[in-house]
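Note that the coordinates shown come from a computational prediction; the quantities given were computed from them, not determined experimentally. So you know, we letter chains A, B, ... as the sequences are listed, proteins then strands, and number each from 1.
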Amino acid sequence: MRYWLMKSEPSEYSIDDLMRAAKKTTPWIGVRNYQARNFMRDDMQLGDQAFFYHSSCEEPGIAGIVEVARLAYPDATQFDYKSKYFDSKSTRAKPRWVNVDVRLSKKTRLVPLTELRSCPELAEMLVLQRGNRLSITPVAPAEWEFIMGLAQRAPRDAD
DNA sequence: GCCAACGTTGGC
DNA sequence: GCCAACGTTGGC
């Protein structure tokens, strides 16, 4: 069992969208980066857990916990010319992009990026590294446990 | 909106 | 296979 962090722009798909989804499950479509794809295709297993991270928004940070509910399969949007994720070089015989399905385990308080950055325990965390842009990154077990602790704590005072 | 950092593309 | 140009990500 492995741990991950998966980024989504809440204007595209937020933790609340996932709460409203049927079976609280969604296909993690739209990944168009080979490294991130390979994590889904080669490494993700059923039951793996992931932080649902809100990016490119007012308050970036971890918004909840999800679980891998279906192993990687071809991402349908790559074949849909009307989709922003359409890839003209991908074929059904040889699909280039895949997605897993994730199911909401629970929504947490928003643990802001700034708070994560302030924790020496998380100094090595991949998503916090300079210049990191990967939308899916592995999370070390110790980092996972630490953040789970943070998430159960009351939000910081905002002064 | 800016821009640093990184990935991808394509000419050679 | 190199690498410059270009595109994208994502925090600020």
Would you kindly give the [atom1]-to-[atom2] distance between [X] and [N], to the nearest whole Å?
X        : N      : atom1 : atom2 : answer
A:Lys89  : B:dG10 : NZ    : P     : 6 Å
A:Glu9   : C:dC12 : CD    : P     : 15 Å
A:Arg32  : B:dT9  : CZ    : C1'   : 18 Å
A:Arg117 : C:dC12 : CZ    : C1'   : 10 Å
A:Arg133 : B:dG7  : CZ    : P     : 6 Å
A:Gln129 : C:dG10 : CD    : P     : 15 Å
A:Ile62  : C:dG11 : CD1   : C1'   : 16 Å
A:Gln35  : B:dG7  : CD    : P     : 7 Å

Candidate nucleotides [options], ranked by approach to the side chain of [X] - the nearest:
X        : options               : answer
A:Leu113 : C:dC12, B:dG7, C:dG10 : C:dC12
A:Tyr34  : B:dT8, B:dG7, C:dG11  : B:dT8
A:Lys7   : B:dG7, C:dG10, C:dC12 : C:dG10

Donor-acceptor contact present, side-chain A:Gln78 to main-chain A:Arg96, <3.5 Å: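 Yes, because the side chain of A:Gln78 sits within donor-acceptor range (under 3.5 Å) of the backbone of A:Arg96.
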
Donor-acceptor contact present, side-chain A:Arg103 to main-chain A:Lys23, <3.5 Å: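 Not a single qualifying donor-acceptor pair exists.
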
Test of ring centre spacing under 6.0 Å for A:Phe86 and A:Trp97: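 When the ring centroids of A:Phe86 and A:Trp97 are compared, they turn out to be at least 6.0 Å apart.
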
Residues A:Arg32 and A:Thr77: side-chain donor-acceptor under 3.5 angstrom: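 Per modelled atom types, A:Arg32 and A:Thr77 side chains form a pair under 3.5 Å.
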
Presence of A:Tyr53 side-chain N/O under 4.0 Å of C:dG11 phosphate oxygens OP1/OP2: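 So the side-chain polar atoms of A:Tyr53 do come within 4.0 Å of the phosphate oxygens OP1 or OP2 of C:dG11, strictly under.
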
